[in-house]
Amino acid sequence: MAVLTPVDEVISTLLSQVVAMDETEVVSLRLARGRILAQSINATVDVPPHDNSAMDGYAFNAQDDSIVAGGRYAVSDRIAAGHVGKTLEPGTLARIFTGAPIPEGANAVVIQEDTRMSEGGIELTERPKFGANVRPRGQDIALGSQLLGRGHQLKAADVGLLASTGVNQVEVFRKLKIAIMSTGDELVEPPNALAPGQIYNSNHYTLAAMIEELGMEVVDLGLVPDSLSATVEALATGAETADCIISSGGVSVGEEDHVKAAVENLGRLDLWKVAIKPGKPLAFGFVRARSDADAIPFFGLPGNPVSSFVTFTVIAKPYLLKFQGNESAVGNSLYAMSQFDFKTGGRREYLRVRVSGGNELNAELYDGQGSGVMSSVSWANALAEIEADTQVFPGDKVKVHLLPN
Ligand code: AMP
Ligand code: MG
């Protein structure tokens, strides 16, 4: 039996070969979510830009000892958010609302719940200290400080953070173009009717959605019949139009598996027997459209839908993230308590599980772990990673990788 390469070794070999992309483009902030910053961004303003009131109440000078609890004071100004008040007259209060700038001469706010309206003024039932209920200028962000670094993937809060400093466009890495091809004479595109012996091409949809989840662009190379010439042609088109090609199917050792020969025709290929279940056969190589063109990386994933999902998630995804320049991807693994019995064989297994619970997470196993059972992946919210030759019992801690929603 051929020696199986451990998953971690495959991943580290692949990662050592990636050259992160360096082409950038400027996009409007509104379209920037999910994109990877190509430059670090420093704040060009303080946020907030002025000391302002955190509450509705009355601004006063906390260094003025004549202002005391139980005292009654005149209101000399009224300052709403968006308006600048005048310099506070000594011994008076300024009516102030949340977000309004603290006027010159004031440095604290008494909240309106701690005051009483009385004839001839406002009575303080509490007398807070210097700085009370004041949000100082730069409390959130100081002018000149770094907001986000190069390689950071922008999420919703990040685009809001940038907007809070007046940014409306950012320089990001161009989206990788990932070409996908689905090999197999048996495949039919939904919603066409199935003839005997045919099945729907589901891998294309799963892979395309996962690639878009990573913030990359999909190039569709369509269905590729099981022939060497059709496979070569599709790969050449991919090499012409994309940054990377991912195929599914055709990487086993059957007579109808043409991916290996086709890739070797256009470049070079490593075919690994990876110690992973599901998904043992995995091809990786480089293809070029013409002899003078640049070679682009190629992943040949197994055809079984679950194998294709798992090998993409575990092996191709870290490669693509690094290729895209994404340095912010964090591990999403944690430990949960197994609710199941399971025994692995000679390969590390990625089981489809559902993780739930609060303090103590539990991992429930989908009943049906076959590599063709896509229902297991649809049901699951995590993959449990179980090392080779391991017996898992209920109550054992198992490592789980959360899947994107
Ligand atoms: P292969 O790796 O080409 O031998 O395919 C392994 C299994 O996966 C076979 O049962 C194929 O019919 C199935 N399969 C291959 N490609 C796809 C696809 N795109 N969508 C759904 N099933 C597929
Ligand atoms: Mg096939």
Side-chain angles (χ1 to χ4, degrees), residues 2 4-5 7 10 178-213 218-235 237-238 242 244-265 269-285 287 298-317 347 349-350 352 366 368-380:
L4 301 181
T5 313
V7 178
V10 171
I178 313 295
I180 25 184
M181 52 190 264
S182 313
T183 75
D185 283 350
E186 72 278 34
L187 301 177
V188 172
E189 278 304 323
N192 297 310
L194 292 177
Q198 295 183 321
I199 61 168
Y200 287 118
N201 173 17
S202 61
N203 288 348
H204 171 83
Y205 292 85
T206 315
L207 289 170
M210 289 194 289
I211 288 162
E212 283 169 358
E213 246 163 25
V218 172
V219 175
D220 184 10
L221 297 175
L223 292 176
V224 181
D226 288 316
S227 84
L228 181 61
S229 61
T231 312
V232 169
E233 197 182 316
L235 286 170
T237 307
C244 177
I245 303 176
I246 298 183
S247 71
S248 77
V251 288
S252 304
V253 288
E255 282 156 32
E256 298 297 339
D257 296 322
H258 300 283
V259 169
K260 184 172 188 286
V263 174
E264 279 168 347
N265 203 288
L269 180 88
D270 299 318
L271 189 60
W272 281 314
K273 295 261 180 280
V274 186
I276 186 172
K277 188 176 176 185
K280 184 164 69 177
L282 179 84
F284 179 76
V287 289
F298 164 81
F299 280 94
L301 307 181
N304 275 307
V306 182
S307 309
S308 152
F309 177 89
V310 168
T311 49
F312 179 88
T313 303
V314 174
I315 297 172
K317 180 171 155 178
R347 293 180 272 164
E349 293 208 28
Y350 288 89
R352 274 71 68 211
Y366 188 81
Q369 294 283 323
S371 60
V373 182
M374 211 41 199
S375 310
S376 69
V377 186
S378 172
W379 176 88

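Every number for a ligand or one of its atoms is a count from 1 in the order of the listing.
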Per-pair distances, ligand 1 N/O vs protein N/O, less than 3.5 Å:
| residue | atom | partner | partner atom | Å |
| --- | --- | --- | --- | --- |
| ligand 1 | 2 (O) | Gly250 | N | 3.4 |
| ligand 1 | 2 (O) | Gly303 | N | 3.2 |
| ligand 1 | 3 (O) | Gly250 | N | 2.9 |
| ligand 1 | 8 (O) | Gly303 | O | 3.2 |
| ligand 1 | 8 (O) | Asn304 | N | 3.1 |
| ligand 1 | 12 (O) | Glu186 | OE2 | 2.5 |
| ligand 1 | 14 (N) | Gly303 | O | 3.3 |
| ligand 1 | 19 (N) | Asn201 | OD1 | 2.8 |
| ligand 1 | 19 (N) | Asn203 | ND2 | 3.4 |
| ligand 1 | 20 (N) | Ser202 | N | 3.1 |
| ligand 1 | 20 (N) | Asn203 | N | 3.3 |

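Of all non-hydrogen atoms in Phe298 and Ser247, the two that sit nearest each other are CZ-OG, 3.3 Å.
A side-chain contact (heavy atoms from CB on, under 4.5 Å) with Met181 is found for exactly one of Thr231, Leu207, Val219, namely Thr231.
Between Glu186 and Asp226, the closest side-chain pair of non-hydrogen atoms falls below 4.5 Å. Residues Val7 and Tyr350 form a side-chain contact, since some pair of their non-hydrogen atoms from C-beta on lies under 4.5 Å apart.
Taking Ser376 as the reference, Arg352 meet the side-chain hydrogen bond (donor to acceptor under 3.5 Å, both in side chains) condition, with sequence neighbours excluded.
Heavy-atom neighbours of Glu233 CD from other residues, nucleotides or ligands within 6.0 Å: at or below the threshold of 12.
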